[in-house]
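This report refers to the structure that appears directly beneath it.
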Amino acid sequence: MPASIPPRRALLARRLRELRAAVFPSGSALARHLGWHQTRVSKLEQGTQRVTDDDLRQWAEAVGASEEQLDELYTLASAARVEYATFQQRYQRHGGAVAEQETTAQADAVSTRIAEFQPAMVPGIVQTAAYAREVLAHPCGPVASGVSSEEIDHVVGKRMERQHVLYHPRHKIQVVMGEAALFTRFGTTETLLGQLDRLLALTGLAEVEVGVVPFAVTMPIFPLTNFLLYDDHVLIESMTAQQRLDSPEEVAAYEEHFKQLREAAVMGDELATLLHRVMGCLRVRDTP
């Protein structure tokens, strides 16, 4: 079993393998019986492919599983669809903070659409290098998990490489922030001004949608945390860990939340006006 497979998914994979082995001598034999490609069975038994309820039903029928055993598989699959890992665990799993950022970049590359909400900071996918460095060097950031300053410089570099998806026509990038994100400083005002200028520039990209929910508008959801939507799952980050949700019902709920945020946000010319106003306020505040 690959070391990077989350424990709950590994447990489900092991149970599928046990049930298959009691009836079929190999995964290839089960694949032939089901009319599947052999690699599909192999990936499910290794936990490298997420299982669907239909996969479980067909697997259970093929191996003659009882209703109780099928219920067990559904329960294991439900648990496996929620993954929780601290950043320390993720760094260890992927081989360090730099490798973890590469994993994120790979997830971006295979997704056709990436949508992110941040209530009080600028999302990583549109950060400037200076802003990213101040965020990542913050005491509650990667340094809290033992990441060195030198490693942070490399993570910043990987985060900038990740932004190649902003310019690729096969990707749709949607970002919504609360207006608080335009004022939150992690270091210098100069860095924040540079970041806001970067947001202005991004409003001109065809495949990038940037929106801000102004203070003057009713916030449509509880701004309790950030969330990031990929094609088929949701990522939620706390200060110490990341949670992944694969349940179609939960993904649909977050899709609805994001739709409401987009409807409340200002974009285009309205956003440009807001950004210029905030930048003016920041310059006045920073004037001696």
Kindly compute the distance separating [atom1] ([X]) from [atom2] ([Y]), expressed to the nearest 0.5 Å.
X	Y	atom1	atom2	value
Met177	Thr184	CE	OG1	11.0 Å
Glu179	Leu275	CD	CG	9.5 Å
Ser111	His233	OG	NE2	6.0 Å

Can you check whether [X] reaches [Y] side chain to side chain, under 4.5 Å on heavy atoms?
X	Y	result
Phe24	Val41	no
Val266	Thr273	no
Asp246	Val251	no
Leu235	Glu237	no
Tyr230	Arg244	no

Do [X] and [Y] sit in one hydrophobic cluster, given that two such residues count as connected whenever their side-chain heavy atoms are within less than 4.5 Å of each other, even indirectly?
X	Y	answer
Ile173	Met160	no
Phe186	Leu193	yes
Phe258	Leu245	yes
Phe215	Met279	yes
Met267	Leu202	no

State which residue, out of Gln101, Glu102, Glu100, fulfils the side-chain hydrogen bond (donor to acceptor under 3.5 Å, both in side chains) condition with Lys158.
Glu102
Stepwise side chain to side chain contact (heavy atoms under 4.5 Å, CB included) check, Leu136 with Val147:
CA-CA 10 Å; Leu136 294 168; Val147 178; over 6 Å; no
Should the pair [X]-[Y] be classified as a salt bridge under the 4.0 Å nitrogen-to-oxygen rule?
X	Y	result
Asp153	Arg133	yes
Glu250	Arg81	no
Arg90	Glu83	no
Glu61	Arg57	yes

For the pair Asp108 and His164, evaluate side chain to side chain contact (heavy atoms under 4.5 Å, CB included) and give the outcome as yes or no after the intermediate values.
CA-CA 10 Å; Asp108 291 345; His164 289 167; over 6 Å; no
